[in-house]
Amino acid sequence: MTPYYADDTVTLYHGDMRDVLPDLQLQTDCIVTDPPYGLMHTSGTCTWDTWPAGWAAVAATAARSMWCFGTMRTFLDRAAELAAAGWHMSQDVIWSKGSGTGVTADRFRRSHEIVTHWYRGQWRDIHHQTPRVPSTRPPVTRPVVHRTDSIRAGRNDIYTWKPAGTWTDDGTRYALSVITAPNMQGRSIHPTEKPAEVLRPLIEYASPPGGLVLDPFAGSGSTAQAARQLGRRAVLIEVNEAYCERIARRLAQDVLPFGASA
Ligand SMILES: C[S@@+](CC[C@H](N)C(=O)[O-])C[C@H]1O[C@@H](n2cnc3c(N)ncnc32)[C@H](O)[C@@H]1O
């Protein structure tokens, strides 16, 4: 299949991911994606928000690890479909956006999004590395002791311990499960674009340096841009040609040599 766009790190295909992905026969380190949620489609007027039936099973052929954006309702409604495709949920992360969206007066104004992590097979076989971030707390230092030998006292062993210096933390802590980042209002090229500050920790968690990330619902191509910033490669699929065009322009600008003008 001919890509719509390709450079050293990113390949973009135009089409329905359910047709494109089987053709590619791809194995990737992880999927990071944001499918249409299927929440507004019940009126029959909102075609862009149609949940693509069967996509989770198609995605399962290309990775064993997947971050998927959605709402609690999306995941509750689609739990059986995800499970039938072999996906187990491991955790959820919240993106706290600051300002809210939504116009209904009968609900809280929504200022967060959920992204859930799914895996197939055995958890021990899944690449996962929680990113570390700078700690806001003062560094911690504590004494280190080593066990030397033991004596048998009845049914118990009694150990002796020897001081072995001190341990000081490295000024970092594991990233928290709530990521605060402003939404893309005023700077987006897609109405539901996710910021790189949210995507980067997800990609870092689920793929090794140099690894391959797949986003089969590419939108603005934000996943590829974040992957590239982290030294990963990416494959994108997008059904809407207008967005393919924008993605290609965005990615091409990114790879322009320093000092060149677009
Ligand atoms: C929620 S948006 C993704 C936005 C993206 N996360 C971003 O940061 O820009 C979902 C995208 O999937 C695309 N899409 C919908 N159905 C698709 C399908 N069957 N195959 C490929 N792309 C599809 C839509 O055109 C839309 O751009």
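In each ligand, atom 1 is the first atom listed, and ligand 1 is the first ligand listed. Note that this is a predicted model, so its numbers are computed, not measured.
A cation-pi contact links R120 to W87, judged by a cut-off of 6.0 Å to the six-membered ring centre and 45° from its axis. Taking the ring centre of Y159 as origin, the terminal cationic atom of R147 falls inside the region bounded by 6.0 Å and 45° from the ring axis.
For H127, the ring-ring contact (aromatic ring centres under 6.0 Å, His included) criterion is met by no residue, not counting sequence neighbours.
Contact atoms of ligand 1 toward N240: 25 (O) (distance under 4.0 Å to a heavy atom of the residue). Interface atoms of ligand 1 facing T192, defined by a heavy-atom separation under 4.0 Å, are 1 (C), 2 (S), 3 (C), 4 (C), 7 (C), 8 (O). Each of the atoms 5 (C), 7 (C), 9 (O) of ligand 1 lies under 4.0 Å from some heavy atom of A218. Taking every non-hydrogen atom of E193 and a distance limit under 4.0 Å, the qualifying atoms of ligand 1 come out as 7 (C), 8 (O), 9 (O).
The shortest N or O to N or O distance between E238 and ligand 1 is below 3.5 Å. The distance criterion of under 3.5 Å between nitrogen or oxygen atoms is met by D16 with respect to ligand 1. The shortest N/O to N/O separation between P36 and ligand 1 does not fall below 3.5 Å. Between G221 and ligand 1, a contact under 3.5 Å exists for no N or O pair. At under 3.5 Å, a nitrogen or oxygen of S220, whether backbone or side chain, sits near a nitrogen or oxygen of ligand 1.
When heavy-atom distances to ligand 1 are checked against a 4.0 Å cut-off, P216 comes that close only through its backbone atoms N, CA, C and O. Here F217 has heavy atoms under 4.0 Å from ligand 1 in both its backbone and its side chain. At a heavy-atom cutoff of 4.0 Å, ligand 1 is contacted by both the backbone and the side chain of K194. Only the side chain of S222 comes within 4.0 Å of ligand 1, counting heavy atoms alone; its backbone N, CA, C and O stay farther away.
By the 6.0 Å contact criterion, CE on M1 is enclosed, its count of non-hydrogen atoms from other residues, nucleotides or ligands being greater than 12.
Between R249 and E245 there is a salt bridge, since a side-chain N of the basic residue sits under 4.0 Å from a carboxylate O of the acidic one.
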Side chain to side chain contact (heavy atoms under 4.5 Å, CB included) between V115 and L202, worked out: CA-CA 9 Å; V115 52; L202 310 178; 3.9 Å; yes

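Evaluation of the ring pair (Phe, Tyr, Trp, His ring centres under 6.0 Å) test over residues 171-198, restricted to residues two or more places apart or in two chains, returns H190-Y243.
Heavy atoms of G15 come nearer than 4.0 angstrom to ligand 1 in at least one pair. Ligand 1 is never approached by P191 to a heavy-atom distance shorter than 4.0 Å.
Between the T71 side chain and the T74 main chain, a donor and an acceptor come within less than 3.5 Å of each other.
One finds the CZ atom of R228 at 12.0 Å from the CD1 atom of I203 (value rounded to the nearest 0.5 Å).
Side-chain contact of S220 with R250: a donor-acceptor pair under 3.5 Å is present, judged by distance alone.
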